Amino acid sequence: MQQPDDVPTPRDARPLKRLVFGSNEFINTPAILLAGGEPQIFLEVREDRQLLLTADLYDEQGTHVARLRRNAWTFNPEDRYTITTSPSDLSLTDGATDQVVFHASVESRDEVVVDQGSFFTSGGDRITVEPDRLVIGGMTMMSSRFENCRAGIEIGQGFVGLGSG
């Protein structure tokens with residue numbers, strides 16, 4: 001499925017001073033996750049510290065099941081997914097399983113913490129975020145620190161790249 005024109009690209013993403021995924025810190029890195037070369041998760045923080053999520057959701061077969069653009073659904077069949085926000089907190093839940101798909105909070109205008117989540121990429125790889133780890137298709141990252149990853153995190157067929165998008 002082709003991405004609409006309003007999908008942010010790595011060039012559009014303002015780097016965050018600090019982005020935490022699980023226990024991993026990304027310093028001066030855009031809050032964007034690319035899967036198969038396409039943006040899948042993109043976080044923005046407005047001036048009022050409202051957290052905005054742009055996301056494409058897939059099932060384990062890589063079928064596109066929902067699309068969220070800056071906290072507004074463009075498609076979400078049968079309202080399967082629910083987004084709950086407050087100015088500095090955001091939670092995306094799968095109503096079919098009651099599982100948290102994505103939870104993030106704003107620590108400051110330039111700092112976001114993603115501490116919980118479980119979702120699939122367009123390639124069918126599962127990404128799991130827990131407070132102490134980030135698991136991408138079987139690879140576990142714990143307590144790592146990355147600086148100046150210009151294009152965020154990229155997941156491809158059998159690889160994870162940083163700043164490569």
Side-chain angles (χ1 to χ4, degrees), residues 1 3 7-8 10 13 16 18-27 29-45 51-71 73 75-77 79-86 88-107 111-147 149 151-165:
M1 181 170 277
Q3 299 288 333
V7 176
L16 293 176
R18 182 171 176 258
L19 170 65
V20 178
F21 255 94
S23 61
N24 303 281
E25 288 186 279
F26 297 87
I27 308 301
T29 299
I32 191 165
L33 181 127
L34 297 141
E38 298 292 330
Q40 182 170 344
I41 300 287
F42 180 63
L43 291 165
E44 299 171 85
V45 182
L51 187 58
L52 300 176
L53 174 64
T54 293
D56 286 287
L57 302 177
Y58 300 88
D59 64 15
E60 56 275 355
Q61 285 81 37
T63 303
H64 201 187
V65 295
R67 174 179 285 143
L68 182 70
R69 294 292 175 263
R70 294 187 168 114
N71 296 356
W73 294 107
F75 84 89
N76 180 14
D79 295 324
R80 175 177 172 175
Y81 298 95
T82 304
I83 185 168
T84 307
T85 63
S86 69
S88 61
D89 194 69
L90 181 143
S91 188
L92 183 62
T93 307
D94 182 342
T97 63
D98 288 328
Q99 184 175 24
V100 173
V101 175
F102 193 84
H103 179 266
S105 49
V106 176
E107 300 293 312
E111 297 183 67
V112 174
V113 174
V114 180
D115 62 357
Q116 187 178 7
S118 181
F119 54 93
F120 292 94
T121 68
S122 58
D125 293 312
R126 180 185 291 276
I127 297 176
T128 304
V129 183
E130 297 176 10
D132 67 336
R133 70 190 68 215
L134 172 62
V135 181
I136 302 173
M139 181 190 78
T140 301
M141 296 172 57
M142 298 174 67
S143 302
S144 298
R145 180 181 168 107
F146 304 94
E147 294 190 28
C149 300
I153 305 164
E154 183 174 5
I155 300 164
Q157 193 75 23
F159 78 89
V160 175
L162 300 170
S164 59

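Side chains included, hydrogens not; waters and symmetry mates left out as well; all remaining heavy atoms used. Predicted model only: the values in this text are computed from it and were never measured.
- Going from atom CH2 of Trp73 over to atom CD1 of Ile83 covers 6.5 Å, rounded to the nearest 0.5 Å.
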(message) Could you go through Val114 and Phe102, starting from their C-alpha distance and side-chain angles, then the distance that decides it, and tell me whether this counts as side-chain contact (heavy atoms from CB on, under 4.5 Å)?
(response) CA-CA 8 Å; Val114 180; Phe102 193 84; 3.8 Å; yes
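- Partners of Asn76 according to the side chain to side chain donor-acceptor pair (under 3.5 Å) rule, which considers only residues two or more places apart in sequence or in another chain, do not exist here.
- Aromatic ring orientation, His64 versus Phe75: perpendicular (interplanar angle above 60°, classes split at 30° and 60°).
- For Glu25, the side chain to side chain contact (heavy atoms under 4.5 Å, CB included) criterion is met by Arg18, Val20, Ile27, Arg145, not counting sequence neighbours.
- Ser122 meets the side chain to side chain contact (heavy atoms under 4.5 Å, CB included) test with Ala35, Tyr58; sequence neighbours excluded.
- Listed by chain and number, the residues in a side chain to side chain contact (heavy atoms under 4.5 Å, CB included) with Gln61 are Asp59, Thr63 (sequence neighbours excluded).
- The side chain to side chain contact (heavy atoms under 4.5 Å, CB included) check on Thr97 picks up Asp94, Gln99, with sequence neighbours excluded.
- Listed by first then second residue, pairs satisfying side chain to side chain donor-acceptor pair (under 3.5 Å) with a partner in residues 127-138 number zero, not counting sequence neighbours.
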(request) Just do the side-chain contact (heavy atoms from CB on, under 4.5 Å) check on Ile127 and Thr121 with the steps written out, would you? (result) CA-CA 7 Å; Ile127 297 176; Thr121 68; 3.7 Å; yes
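- Side-chain contact between Ile41 and Asp56 is absent, with no heavy-atom pair separated by less than 4.5 Å.
- Atom CG in Leu51 sits 12.5 Å away from atom CZ in Arg70 (nearest 0.5 Å).
- The side-chain heavy atoms of Ser88 and Ser105, taken from C-beta on, include no pair separated by under 4.5 Å.
- Side-chain N or O atoms of Thr54 include none that pairs as donor or acceptor with a backbone N or O of Arg69 at under 3.5 Å.
- Between Val65 and Pro77, the shortest heavy-atom contact is O-CD, 3.2 Å.
- In terms of heavy-atom proximity, Gly22 sits nearest to Val129 at N-CG1, 3.5 Å.
- A donor-acceptor pair under 3.5 Å links the side-chain atoms of Gln40 to the main chain of Phe120, judged by distance alone.
- Atom OG1 in Thr85 sits 10.5 Å away from atom CG in Leu53 (nearest 0.5 Å).
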